[in-house]
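Reading through the structure tokens given below for one structure.
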Amino acid sequence: MDTVAAHESAMHDAHAHDHHDHHHQETFISKYIFSMDHKMIARQFLITGIIWAIIGGLFSVIFRLQLGDPNATYPWLEDFLGHWAKGGKLNPEFYYALVTMHGTILVFFVLTAGLSGTFANFLIPLQIGARDMASPMLNMLSYWFFFLASVIMMSSLFVQTGPASGGWTIYPPLSALGEASSGSKIGMDLWLVSMSFFIVSSLLGGLNYITTVLNLRTKGMSMTRMPLTVWALFFTAVLGVLSFPVLLSGAILLLFDRNLGTSFYLSDIIVAGKVLPNEGGSAILFQHLFWFLGHPEVYIILLPAMGMSSEILSVNSRKPIFGYMAMVGSLFAITILAFLVWAHHMFVTGLNPFLGSVFVLLTLLIAVPSAIKVFNWLTTIWKGNIRFTPGMLFAIGFVSLFISGGLTGIFLGNSALDVHLHDTYFVIAHFHIVMGVASFFGMYAGVYHWFPKMFGRYLNNTLAYIHFWVTIIGAYLIFWPMHYEGLAGMPRRYYDFSNWESFKQFGELNQFISLVALIVFAVQILFVINFFYSIFKGRKVTTLNPWGANTLEWTTPIRPGHGNWPGELPEVHRWPYDYAKDGKEFIAQDVPVGADESKH
């Protein structure tokens, strides 16, 4: 068997060298567009995700203008949006479309594809000691399906009746009936087709990540020696592969209801005095199918941020991660429990109260592995020799947001309290802090930490510190006050609150939130400028291991070619967190264990 393994290894190395020999003959198209190198595909996902983040963030700024001052007019809006903002005032239909597209873009196209697609692609082969993904071809296809989904979703913004407008959850019957609103016409079909392609992309990627982690680890890289980042990305892929097909079935059945006259989600509907022939369907069925993906989706977004933050906190505290096996166990527990809590989004749908109590218990139970992770992050940095790099600051910011946003989830997980809080600004505040902003912080931490490995240059630190402080202060100033609006019963997705006596009191607060949102968006543009400028003009990386980290990606050349390591693959002798051990600041994973060395 050893002979066979050695032969395979030699073949693998020969293949890698072969790649290097042909490297110079690559055309622009084969290198940058139809690349099968996992590192280039990761960059494609990242840059596409950044473009989507700008669009999705811009939408939120536009509808925050409306919420901040419902009676104001902005003449430039008409120039920008045409008939959707006649007289400089946002059309109510288009307001709802912006809310819908903002949620869709940021949840799926940025925080799922942009986060997992970038870092699973970039880090898994590098951190487990593999030449590439298990199937580079499928990997390339996963990006191109995502790109196709992006083109279709983008095109829905330019159709005459406007993009989909049913909230990012696209609940029927509104989304199932074209005559219900202009946002339920062709824009809704494009949304469903785009999401179907997006799901295919996620499944191709997820299967590849799982196969790569299970089959392509280098010699000595046992599962218990894998960095926590790889564990997190592995569990994320498992979540996606098991839950995304359910949303795909939900979306396809909705397309059938819309275009083929079926009644999966429709029954007893009257539109403009006319009774529709649909019978026997259930709109609640769609909610079950949607949230069976929708809740694992929260962790598909959060787990990569958790894994990367664990890694970055340990590297920049110069300390071993606290409780490695507990961290892996809690990731596993979150993965299992994520599938068992979907109906806590549905406490007000007439769910059986006993069944509701089961989902309350399971929802509160998921707080336990989350609390283990928080405890371990805090004990990792406790008394550490902390370096406040931009990546480290964003990782600490992630922990802060995860704690404060997670605590409000305990309120919403209680079915009795949820009756009052459901569909209010309290829900918006909770999930934006714990899932939206926290995951963005994990993503930023990853970009700042691995940018030198991705592009061979550093980002500008001064701009990075401005980006961090304005974003974290701004995030809390935007979303923390929304909890109080929600407790007062203020409903989400409403176009104008000024006609309600009970919500008028929040007029100035809404103005303040909109102003801060504008400032925070401007600082994200600063990050984008820093990112693209640094790719070409940033300070060059001159050392192999600028952060003094132990993981294998820092043993490759500064700008690794296709195949990652020019010679043989590294052999792993230890876990990835040997910091401050035996008088050494750090010991990389490929350093053999000395005879006099204390065992981990």
Side-chain angles (χ1 to χ4, degrees), residues 32-33 40-64 80-81 97-122 142-159 162-165 167-170 187 190-202 204-205 236 240 244 247 297-298 300-302 304-305 431-432 435-444 446-447 454 467 471 517 520-532 535:
Y32 291 105
I33 299 176
M40 183 58 69
I41 293 168
R43 292 182 202 119
Q44 289 173 325
F45 269 108
L46 180 58
I47 289 168
T48 312
I50 286 174
I51 293 165
W52 270 121
I54 296 166
I55 296 167
L58 183 63
F59 287 174
S60 67
V61 169
I62 294 170
F63 67 69
R64 271 307 328 173
F80 183 49
L81 297 173
L98 286 177
V99 172
T100 302
M101 296 305 286
H102 164 74
T104 303
I105 288 166
L106 289 176
V107 170
F108 294 113
F109 287 51
V110 180
L111 291 172
T112 303
L115 184 51
S116 281
T118 300
F119 291 103
N121 261 310
F122 191 75
S142 100
Y143 173 73
W144 284 106
F145 271 109
F146 169 50
F147 186 80
L148 181 59
S150 296
V151 169
I152 295 168
M153 191 65 79
M154 184 74 79
S155 68
S156 77
L157 299 172
F158 299 98
V159 296
S165 66
W168 74 282
T169 52
I170 310 293
L190 290 169
W191 190 96
L192 291 165
V193 172
S194 169
M195 283 306 299
S196 300
F197 282 118
F198 174 82
I199 291 165
V200 172
S201 158
S202 296
L204 288 174
T236 302
F244 265 118
L247 181 64
E297 173 67 20
V298 171
I300 288 170
I301 288 170
L302 268 171
F431 85 75
H432 273 86
M435 186 182 97
V437 185
S439 300
F440 258 110
F441 269 62
M443 189 173 181
Y444 285 137
V447 170
M454 280 186 184
H467 178 213
T471 306
V520 170
F521 179 71
V523 171
Q524 308 318 304
I525 298 296
L526 189 71
F527 163 76
V528 172
I529 292 166
N530 186 8
F531 180 87
F532 286 107
I535 288 176

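The shown structure was predicted, so the numbers you read here are calculated from the model rather than taken from an experiment.
- For the pair F440 and Q524, the minimum side-chain heavy-atom distance is 4.5 Å or more.
- With rounding to the nearest 0.5 Å, the separation of OG in S196 from CG in L148 is 11.0 Å.
- Without hydrogens or angle criteria, T104 side chain to T100 main chain gives a donor-acceptor distance under 3.5 Å.
- Distance OG/S194 to CZ/F109: 3.5 Å, rounded to 0.5 Å.
- Considering only heavy atoms from C-beta on, T471 comes within 4.5 Å of F441 through its side chain.
- Put simply, the side chain of I301 reaches to within 4.5 Å of the side chain of T112, judged on heavy atoms.
- I170 places none of its side-chain heavy atoms less than 4.5 Å from the side chain of M195.
- With rounding to the nearest 0.5 angstrom, the CD1 atom of I55 is 6.0 Å from the CD1 atom of I105.
- Here F59 contributes atom CZ and L98 contributes atom CG; the two are 6.0 Å apart, rounded to the nearest 0.5 Å.
- In terms of heavy-atom proximity, G205 sits nearest to S142 at N-CB, 3.8 Å.
- Using the six-membered ring where Trp is involved, F63 and H102 have ring planes that are perpendicular, over 60° apart on the 30 and 60° scheme.
- When all heavy atoms are compared, the tightest approach of V523 to H467 is CG1-CA, 3.5 Å.
- The aromatic rings of W144 and F147 lie perpendicular to each other, with more than 60° between the two planes, well past the 30° mark.
- Residues A97 and P163 approach most closely at CB-CG, 3.8 Å, considering heavy atoms.
- Residue-environment remark: CZ (F80) stays at or below the threshold of 12 foreign heavy atoms within 6.0 Å.
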One pair to check against side chain to side chain contact (heavy atoms under 4.5 Å, CB included): W52 and M153. What are the steps and the verdict? CA-CA 11 Å; W52 270 121; M153 191 65 79; 4.2 Å; yes

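- Using cut-offs of 30° and 60° for the angle between ring planes, the F198 and F244 rings count as perpendicular.
- Contact of the E297 side chain with the V107 side chain is registered, since non-hydrogen atoms from C-beta on lie closer than 4.5 Å.
- Closest of all the heavy-atom pairs between F521 and I54 is CE1-O, 3.7 Å.
- With rounding to the nearest 0.5 Å, the separation of CZ in F119 from CE in M454 is 4.5 Å.
- In this structure, F122 and F45 have side chains that are not in contact, with every pair of non-hydrogen atoms separated by 4.5 Å or more.
- W191 and S156 share no donor-acceptor pair across their side chains, judged by distance under 3.5 Å alone.
- Between F531 and L46 there is a side-chain heavy-atom pair separated by less than 4.5 Å.
- Y143 and T48 share a donor-acceptor pair across their side chains, judged by distance under 3.5 Å alone.
- Between the side chain of N121 and the main chain of G117, a donor-acceptor pair closer than 3.5 Å is present.
- F532 places a side-chain heavy atom less than 4.5 Å from the side chain of I47.
- Annotation: the span from S155 atom OG to L190 atom CG amounts to 4.5 Å, rounded to 0.5 Å.
- Across all their heavy atoms, T236 and P304 have their closest contact at OG1-CD, 3.4 Å.
- Smallest separation of non-hydrogen atoms from Q44 and I33: NE2-O, 2.9 Å.
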